[in-house]
> 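I have a structure here, written as structure tokens, and I will follow up with some questions on it.
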Amino acid sequence: MIRRLCEDKSYAVDRDKLTPYEYIWVLSTTGRDITTERAWSILVEATKDVCQVKDADDYGQGDTFSIKINKILYHLDKMDKSVITTSYRNWYQSAIENITNSQIWDWYRIAKQLRLDGIRHPYDILVDKLSMHLPELEMFTIRKNYSIQ
């Protein structure tokens, strides 16, 4: 229903009533645009949410990239915001440096099979790494030429 409403360009999308993903999805699917600054702030907001909510379902079986954030990046790419998505992906990869899909999940499965106590779910490790790097993400600035530093 909201998509149909948003196709009418005079309809104002209320950002506060939508999740970051829903908001970007509506803009992307109805051909609306978003400023570079606003897109970046939504990515930061979504990242904070992923780190605070700690929903293990947000990571697929063996993935190290948040499904929620990946969907937002997909729609931003569709909106021709590759400067933002590339910068974000670079930050994300540097934040989880030394963690690969296979290593972290293989270790977790082996530890579970051996019934080792005190095993941390890979999701917790990823969230800890991202949380440590959140201040760095928030400090990025968008320059006039739309590069993110």
Side-chain angles (χ1 to χ4, degrees), residues 1-109 119-149:
M1 170 141 173
I2 194 161
R3 182 177 177 193
R4 206 167 1 132
L5 285 171
C6 290
E7 287 174 356
D8 173 7
K9 298 298 181 193
S10 65
Y11 179 78
V13 179
D14 186 354
R15 167 62 191 103
D16 296 331
K17 296 195 182 207
L18 302 171
T19 67
Y21 169 70
E22 292 168 338
Y23 181 67
I24 294 296
W25 177 82
V26 166
L27 296 179
S28 171
T29 58
T30 59
R32 293 175 182 229
D33 199 14
I34 187 172
T35 66
T36 304
E37 293 84 2
R38 185 72 178 127
W40 188 257
S41 71
I42 287 172
L43 273 172
V44 172
E45 176 188 340
T47 305
K48 286 180 181 178
D49 183 59
V50 164
C51 290
Q52 290 169 356
V53 174
K54 292 190 176 185
D55 180 5
D57 291 338
D58 185 35
Y59 288 84
Q61 187 66 17
D63 288 339
T64 58
F65 208 93
S66 162
I67 293 167
K68 290 175 192 165
I69 291 173
N70 209 26
K71 287 178 179 180
I72 291 171
L73 293 171
Y74 168 78
H75 286 287
L76 287 173
D77 279 333
K78 277 180 59 178
M79 297 168 71
D80 202 25
K81 303 290 182 191
S82 61
V83 168
I84 294 169
T85 59
T86 300
S87 295
Y88 184 86
R89 285 182 179 105
N90 290 340
W91 169 82
Y92 197 100
Q93 289 306 316
S94 69
I96 64 167
E97 185 181 7
N98 300 326
I99 296 178
T100 65
N101 286 349
S102 60
Q103 288 174 335
I104 191 169
W105 290 94
D106 287 348
W107 174 86
Y108 180 71
R109 282 191 280 278
I119 307 165
R120 291 184 68 206
H121 194 280
Y123 174 77
D124 292 331
I125 297 167
L126 291 168
V127 167
D128 286 350
K129 282 223 167 237
L130 290 178
S131 296
M132 284 176 15
H133 292 271
L134 272 175
E136 173 187 312
L137 179 67
E138 292 174 312
M139 291 176 54
F140 279 104
T141 57
I142 299 164
R143 297 188 176 181
K144 293 258 190 238
N145 64 359
Y146 297 108
S147 65
I148 298 176
Q149 301 294 323

> When rounded to the nearest 0.5 angstrom, what distance separates OH in Tyr92 from CG in Asn70?
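So the OH of Tyr92 and the CG of Asn70 are separated by 8.5 Å.
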> Can you measure from CZ (Arg38) to OH (Tyr23) and round to the nearest 0.5 angstrom?
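Separation between the atoms: 5.5 Å.
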> Between Ile69 and Val50, does a side-chain contact (heavy atoms from CB on, under 4.5 Å) hold up when you go through it step by step?
CA-CA 8 Å; Ile69 291 173; Val50 164; 3.9 Å; yes
> Just by distance, no angles: are the side chains of Arg89 and Thr86 close enough, under 3.5 Å, to form a donor-acceptor pair?
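No, Thr86 and Arg89 have no side-chain donor paired with an acceptor closer than 3.5 Å.
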> Would you please test Ile84 and Ser87 for side-chain contact (heavy atoms from CB on, under 4.5 Å) and show each step?
CA-CA 5 Å; Ile84 294 169; Ser87 295; 5.9 Å; no
> Provide the closest heavy-atom pair for Trp91 versus Leu134 in the form atom of the first, atom of the second, distance.
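Nearest pair, atom of Trp91 first, then Leu134: CZ2-N, 4.2 Å.
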> For a quick test of reading the model, state the closest non-hydrogen atom pair linking Arg32 to Met79 and the distance between them.
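Taking every non-hydrogen atom into account, O-CE, 3.4 Å.
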> Could you check whether Asp33 pairs with Lys81 (Lys NZ or Arg NE/NH1/NH2 to Asp/Glu carboxylate O, under 4.0 Å)?
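So Asp33 pairs with Lys81 through a salt bridge.
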> Shortest non-hydrogen contact from Leu76 to Ala39?
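Reported closest heavy-atom pair: CD2-CB, 3.9 Å.
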> Below 4.5 Å, heavy atoms only, C-beta onward: do Ile42 and Ile34 meet side chain to side chain?
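Side chain of Ile42 against side chain of Ile34, heavy atoms only: contact under 4.5 Å found.
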> Measuring from atom OG1 of Thr19 to atom CH2 of Trp25, what distance do you get when rounded to the nearest 0.5 angstrom?
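Going from OG1 on Thr19 over to CH2 on Trp25, the span is 11.0 Å.
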> Taking all atoms of both residues into account, what is the closest heavy-atom pair of Lys78 and Ser28, and its distance?
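Of all heavy-atom pairs spanning Lys78 and Ser28, the closest is CE-OG, 3.6 Å.
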> Parallel, tilted or perpendicular: which describes the rings of Trp40 and Tyr88, with under 30° parallel and over 60° perpendicular?
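Perpendicular: the ring planes of Trp40 and Tyr88 meet at over 60°.
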> Heavy-atom distance under 4.5 Å between the side chains of His75 and Tyr21, does that happen here?
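Yes - at least one pair of side-chain heavy atoms lies under 4.5 Å apart.
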> CG/Leu43 to NZ/Lys48 distance, rounded to the nearest 0.5 angstrom?
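These two atoms lie 12.5 Å from each other.
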> Hey, are the side chains of Ile72 and Pro20 touching, using non-hydrogen atoms and a 4.5 Å cut-off?
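They are in side-chain contact.
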